[in-house]
Amino acid sequence: MNSPRLKSIVKLFESCRYKHDLYTVFGDWCETSAIALSNAVDLAPAEKREARFQEIAGKYGTETMGTFSKIMGEVVMALEDRPHDVLGATFHALELHNKARGQFFTPYPVCQLMARIVAGSPDDMQKMIAQRGFMLAQEPAAGSGAMIIALAEAILDAGINYQQCLHVTAVDIDPRAVHMAYIQLSLLHIPATVIVGDSLAMRFSDQWHTLAHVMGGWSTKLRRAGEVANTNRPMPVPAMVPSAAKVAVAPSPDGLGSAAPATEKNGQLRLF
């Protein structure tokens with residue numbers, strides 16, 4: 001635990017353990033944070049999720065909820081520093097993983113290696129994009145989202161903007177893991193749908209659309225790509241530049257604000 005940000009996050013969580021069970025606190029923080037992000041753009045489930053947020057908040061006082069906000073701030077800054085599995089590392093640093101619960105998250109360097117193998121060369125990625133205009137990734141056991149974060153990093157390193165050219169469908173049987181993945185993928189602006197469900201039994205109960213999914217109109221893009229595939233018509237390929245694709249955020253299908261967020265020089269969108 002060498003990262004100052006990670007140490008700060010762990011310290012904030014541990015400040016809650018004197019009044020509450022830490023495992024429960026971590027789960028409640030993940031759920032309330034996921035709800036706060038979701039309700040900013042995904043209006044369909046907002047009322048139900050807001051009621052759940054208030055139910056959880058009712059268990060804690062103003063001080064603890066203030067700590068929750070500080071934790072989110074530290075997580076945001078940690079991901080601004082560099083893409084990595086902040087919440088998976090936090091889960092382990094707090095020693096919330098154990099054999100009884102059977103929850104272990106793959107170390108991020110291992111995820112990076114696996115992602116680069118799966119993604120292939122920049123030419124391989126461009127060929128995949130040429131087929132439908134973007135790449136698709138499916139993660140049947142998402143955990144905290146580390147594999148997807150590593151994949152997005154590999155795509156960006158290849159000079160392709162994952163915010164425009166990647167969509168992810170991620171599944172996990174544990175709602176807590178789904179919330180962890182959803183938070184991190186949303187903050188990194190990765191277009192994704194994260195689903196609570198059993199990939200083996202093909203049973204699913206809830207889904208969370210990231211901010212990038214909603215803001216980028218990905219439901220429409222995916223539907224149109226399916227229509228193109230059914231008629232065997234070629235899909236137009238978005239223009240790319242050597243460093244990264246220029247970000248162009250489509251207006252929200254829900255009629256939310258249309259002003260484009262700020263971007264970096266390399267075209268990557270920043271939410272904060």
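Atom set for the values below is all heavy atoms of this structure, side chains included, hydrogens, waters and symmetry mates excluded.
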For the pair [X] (side chain) and [Y] (backbone), establish whether a donor and an acceptor sit closer than 3.5 Å, ignoring hydrogens and angles.
X	Y	answer
Gln207	Thr193	no
Thr90	Val86	yes
Asp124	Ser121	yes

- Message: Salt bridge check, Glu55 against Arg52: does any charged N sit closer than 4.0 Å to a carboxylate O?
- Response: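 Salt bridge between Arg52 and Glu55, a charged N being under 4.0 Å from a carboxylate O: yes.
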- Task: Run the numbers on Trp29 and His179 for ring pair (Phe, Tyr, Trp, His ring centres under 6.0 Å), then give the verdict.
- Result: CA-CA 9 Å; Trp29 177 86; His179 298 148; over 10 Å; no
Which distance, rounded to the nearest 0.5 Å, do you find between the [atom1] of [X] and the [atom2] of [Y]?
X	Y	atom1	atom2	answer
Glu14	Lys7	CD	NZ	12.5 Å
Arg82	Ser3	CZ	OG	6.5 Å
Asp206	Ile195	CG	CD1	9.5 Å
Ile71	Thr64	CD1	OG1	9.5 Å
Arg176	Phe91	CZ	CZ	6.5 Å
Met128	Ile155	CE	CD1	7.5 Å

- Working for side chain to side chain contact (heavy atoms under 4.5 Å, CB included), residues Arg49 and Phe53: CA-CA 6 Å; Arg49 288 178 178 170; Phe53 182 100; over 6 Å; no
If hydrophobic clusters are built by linking Ile, Leu, Val, Met, Phe, Trp and Tyr wherever their side-chain heavy atoms come under 4.5 Å apart, do [X] and [Y] end up in the same one?
X	Y	answer
Met77	Phe13	no
Val76	Leu37	yes
Leu151	Ile149	yes
Trp208	Ile173	no
Leu12	Met180	yes

- Check the pair Leu94, Val10 against side chain to side chain contact (heavy atoms under 4.5 Å, CB included), reporting the backbone distance first and the verdict last. CA-CA 7 Å; Leu94 291 170; Val10 169; 3.7 Å; yes
For a quick test of reading the model, state the closest non-hydrogen atom pair linking [X] to [Y] and the distance between them.
X	Y	answer
His209	Tyr182	O-OH, 3.0 Å
Leu188	Gln163	O-NE2, 3.8 Å
Ile190	Thr210	O-OG1, 2.8 Å
Cys30	Ile183	O-CD1, 3.4 Å
Gly197	Val171	O-CG1, 3.5 Å
Ala225	Phe134	CB-CZ, 3.7 Å

- Other than Leu113, which residues form its hydrophobic cluster under the rule that side-chain heavy atoms must be closer than 4.5 Å?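 Hydrophobic cluster check, Leu113: joined to Ile117.
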- Query: For Val110, what are the other residues in its hydrophobic cluster, where any two members join if their side-chain heavy atoms are less than 4.5 angstrom apart?
  - Reply: Met114, Met147
- Task: Give the C-alpha distance, both sets of side-chain angles, the deciding distance and a yes or no for side chain to side chain contact (heavy atoms under 4.5 Å, CB included) between Tyr60 and Thr67.
- Result: CA-CA 10 Å; Tyr60 303 101; Thr67 300; over 6 Å; no
- Task: Could you check Ile160 against Leu166 for side chain to side chain contact (heavy atoms under 4.5 Å, CB included), going step by step and ending with a plain yes or no?
- Result: CA-CA 9 Å; Ile160 299 171; Leu166 171 68; over 6 Å; no
- Query: Do the ring planes of His167 and Trp218 sit parallel (below 30°), tilted (30 to 60°) or perpendicular (above 60°)?
  - Reply: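 Ring orientation, 0 to 90° scale: tilted.
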- Message: Using a 6.0 Å cut-off, check whether atom NZ of Lys59 has over 12 heavy atoms from anything other than its own residue.
- Response: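 Yes, because the 6.0 Å sphere around NZ of Lys59 holds more than 12 heavy atoms from other groups.
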- Message: Would you say that Asp28 contacts His20 through its side chain, given a criterion of any heavy-atom pair below 4.5 Å between the two side chains?
- Response: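 SC-SC contact between Asp28 and His20 ruled out.
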- Query: With a 4.5 Å heavy-atom cut-off, do Glu74 and Lys70 have their side chains touching?
  - Reply: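 No, their side chains stay 4.5 Å or more apart.
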- Message: Filter on side-chain hydrogen bond (donor to acceptor under 3.5 Å, both in side chains), then keep only pairs touching residues 134-152, sequence neighbours left out; what's left?
- Response: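 Matches after skipping sequence neighbours: Asp85-Ser144.
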